Amino acid sequence: MTVASLTAAVQQDTASHGVETAAVEAVNAAHRRALFKKRGKIHPKRVNGAFRMTKWAMMALTLTIYYVTPWLRWDRGPGAPDQAVLIDFPGRRFYFFFIEIWPQEVYYITGLLILAAVALFLVTSLAGRMWCGYACPQTVWTDLFLVVERAIEGRRNDRIKLDRAPLSVEKVAKRTVKHAIWLLIGVATGGAWVFYFTDAPTLMGQLLTSSAPSEAYFFIALFTATTYTLGGHAREQVCTYMCPWPRIQAAMLDEESLAITYRFDRGEPRGPHKKGDTWDGRGDCIDCRQCVAACPMGIDIRDGLQLECIQCALCIDACNEVMAKVDRPRGLIAYDTDLNIARRQQGLPTRFRFIRPRTVAYALILALVSGVMLFALLKRSDLDVSVIRDRNPTFITLSDGHIRNGYTVKLLNKARSQRTISLTVDGLSGAALTAVGLPTADDGSLQVPVEGDDLRPVRVFITLPHELVVHDSMPLSIVARDEAAARPIKVQSVFLGPKP
Amino acid sequence: MQKIDSATGSEIRSHEWDGIQELNTPLPRWWLWTFLVTVVWSVAYWVVMPAWPMIGSYTKGVLNWSQRDNVSAELKLTAQARRPIANRLVAALPADIESDPQMLEFALASGRAVFKDNCAPCHGSGAQGFVGYPNLNDDDWLWGGSLGEIEQTIRYGVRNANDKSRFSEMPAFVKLGTLNRTQVADTVEFVLSLSGQAHSADAAGRGSVLFAEHCASCHGEGGQGDRTQGAPNLTDQIWLHGKSRIALTTVISNARNGSMPAWGERLSAADVRALAVYVHSLGGGEPEPGQ
């Protein structure tokens with residue numbers, strides 16, 4: 001194809017079963033590759049079909065989750081925020097429905113990220129870039145921006161014409177409206193984002209009366225700008241140039257992973273086909289390039305699996321529409337594997353193997369990490385105790401020769417009400433427990449009141465008569481008991497003294 | 001005539017050196033513009049902000065911005081913010097400080113900072129002391145361990161030029177010729193016996209007479225010390241200059257009179273008080289007299 005014919009992008013060939021033929025070429029076509037390439041604008045064509053419907057449903061679902069989540073309420077009792085999902089930076093808490101995570105428990109977030117990563121690996125090894133094609137915000141928002149573009153500027157051919165047309169009142173008006181709506185979507189995106197970080201109804205009220213904190217406006221502006229730029233202008237370049245995942249995903253795929261595949265065993269040799277002509281001795285591909293026209297990445301799936309392909313499956317719908325018109329079976333482009341193409345060429349039946357060592361391994365890791373996370377979550381105590389031994393000086397000799405060690409005991413009360421924690425020493429007979437500013441009870445324990453939702457550090461001293469210091473390092477545990485008689489928490493530490 | 005390189009699509013420049021040709025790959029426009037903007041920015045920066053070093057000074061810039069001024073302004077603001085509670089700390093009775101959690105927290109935090117800045121060189125960063133410098137964690141005090149006594153010791157110091165300084169002086173018994181070496185050795189044996197260390201009973205018996213004559217006026221009949229004179233308790237397990245025979249001989253022969261500056265001359269009243277609260281909290285603090 002020559003450059004001249006490329007520029008004649010709007011071309012119709014109605015001779016072939018009334019199928020529109022697009023004179024479009026893949027943006028990454030082999031002979032156009034260069035070290036540096038100017039971006040060619042892509043005008044994806046709207047298609048209809050099962051995958052387009054699935055993508056509409058996914059768009060509705062993901063956008064609903066994004067916009068509705070901050071408005072869900074969850075009663076945590078008085079004094080606590082009632083927002084179901086809230087990242088409270090000033091209060092240093094993360095709330096997720098019944099889960100409340102403190103900064104010390106950031107490993108839950110790590111666990112969640114590991115789960116998300118392994119789930120991504122599993123899905124990718126099963127069916128390719130499902131995430132990119134259906135759920136990635138870049139894909140969803142670009143799709144949303146395209147809806148607006150289509151509504152204002154019309155179908156693919158109209159959009160190409162408008163791009164070429166000289167400046168006119170109509171063009172300016174259409175562009176202005178389009179960019180205004182894009183910006184509005186950007187504002188709504190950034191506006192929803194900030195609700196995750198503070199009480200949504202309060203902030204909404206402040207935003208409506210222009211009295212919100214300046215951070216809110218800053219982040220709304222920031223996310224408006226990024227949404228508008230990435231969804232409206234950068235689009236496929238984000239996936240091709242900015243995102244690391246296309247490079248990483250190759251490591252998850254093997255020859256049995258499903259991928260959107262042009263079945264060249266069925267399609268080749270390709271070429272235009274006139275109604276009434278025989279289909280013998282040729283492939284089913286009539287080279288109408290509807291798959292290329294429909295592609296939001298602007299590539300040609302018939303070149304095979306490639307880095308740019310986000311696996312959105314819109315070319316499947318485009319091709320299926322054409323196959324219906326030319327009265328050939330659907331599925332010339334479909335979820336398939338290169339291995340199956342090779343098998344069919346050898347006369348073997350198509351085979352899908354979803355249970356493979358790779359997928360089993362990913363599933364096992366997923367199950368293991370989920371199990372550990374669940375265990376940790378169920379075992380989660382609302383009292384945290386940590387003990388820091390004084391290291392300078394390591395021990396003190398008192399005037400009567402007794403040896404004293406100092407410890408800082410940090411009591412973290414994750415409950416909402418004040419409670420009294422009883423501290424005792426275990427495993428070191430003859431040890432006396434004292435603290436600065438707290439009386440020692442008759443039974444030798446320390447009763448420490450800790451406010452609800454608070455951390456209280458207590459400096460405690462353990463004193464041992466010198467004749468009982470039989471070793472220069474003796475293990476002991478500091479035991480914290482809740483008055484509500486929950487499981488006591490034991491923290492291991494040591495008692496240091498002079499070498500006897 | 002423009003020649004195009006087939007591999008890259010770039011123009012080949014006309015010049016050639018030893019068969020080596022150059023491709024024309026201009027800077028990306030966005031990069032070039034960004035660079036030019038930074039050049040303009042830097043010139044504007046010289047005008048607005050301090051930039052060029054001069055002899056003995058530097059260009060101040062029209063904004064007259066100074067990091068040093070900012071820091072001192074911030075320090076002033078911090079001091080201002082702390083003034084109410086610092087004033088409250090200074091005005092409070094020593095006995096009331098530790099029962100007021102807010103005041104205690106403030107005193108401990110600032111006391112710790114002041115301690116690390118001023119006291120740690122001698123007393124150690126953990127206040128554990130060294131030979132000749134008392135350990136402040138334990139329950140043995142030379143001049144008293146109540147909050148008020150500690151504060152007075154810090155404010156006026158020990159054996160310095162301040163009028164109210166804590167003062168006492170142990171004689172260098174051998175240097176002054178009061179005792180001879182044999183007498184010192186006998187006294188050392190007696191002192192060893194006071195804290196239950198191994199000693200020669202005969203020598204200690206002779207030493208007890210010398211002790212009663214020369215030492216008891218300050219250290220007490222039984223060697224239990226006297227805090228009004230800063231005379232150490234000789235019966236316990238804590239020794240400022242060491243408990244060995246050699247250490248004791250040296251102290252009795254030559255005397256050891258340690259000194260501490262009067263910190264009230266250098267630190268604010270609030271800092272001195274915060275220091276006292278901090279030292280009192282280290283583990284050996286005693287209740288106020290009469291409590």
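Small disclaimer: the values here were computed from a predicted structure and weren't measured. A, B, ... follow the sequence lines: proteins, then strands. Residue 1 opens every chain.
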Which atom pairs, one a donor and one an acceptor, fall under 3.5 Å between side chains of residues 108-121 of chain B and the rest of the protein, sequence neighbours left out?
from     : atom 1 : to       : atom 2 : distance (Å)
B:Ser110 : OG     : B:Phe106 : O      : 3.1
B:Lys116 : NZ     : B:Ser125 : O      : 3.4
B:Asn118 : ND2    : B:Val114 : O      : 3.0

Salt bridge (Lys or Arg N to Asp or Glu O under 4.0 Å) pairs touching residues 423-438 of chain A, sequence neighbours excluded, are A:Asp426-A:Lys490
Atom [atom1] of residue position [X] - does it have more than 12 heavy atoms of other residues, nucleotides or ligands inside 6.0 Å?
{"X": "B:Leu77", "atom1": "CG", "value": "yes"}
{"X": "B:Glu105", "atom1": "CD", "value": "no"}
{"X": "B:Glu16", "atom1": "CD", "value": "yes"}
{"X": "A:Arg92", "atom1": "CZ", "value": "no"}

Chain A shares the most heavy-atom pairs under 4.5 Å, among B:Asp138, B:Leu282, B:Asn137, with B:Asn137
With a 4.5 angstrom heavy-atom cut-off, is it the side chain or the backbone of B:Asp139 that approaches chain A, or both, or neither? both
Could you please state which residues from residues 391-415 of chain A sit under 4.5 angstrom from chain B, measuring non-hydrogen atom to non-hydrogen atom, sorted by number, or 'none'? A:Asn392, A:Pro393, A:Ile396, A:Thr397, A:Leu398, A:Ser399, A:Asp400, A:Gly401, A:Arg404
Identify, with sequence neighbours excluded, every residue that meets salt bridge (charged side-chain N to carboxylate O under 4.0 Å, His left out) alongside B:Glu149. none
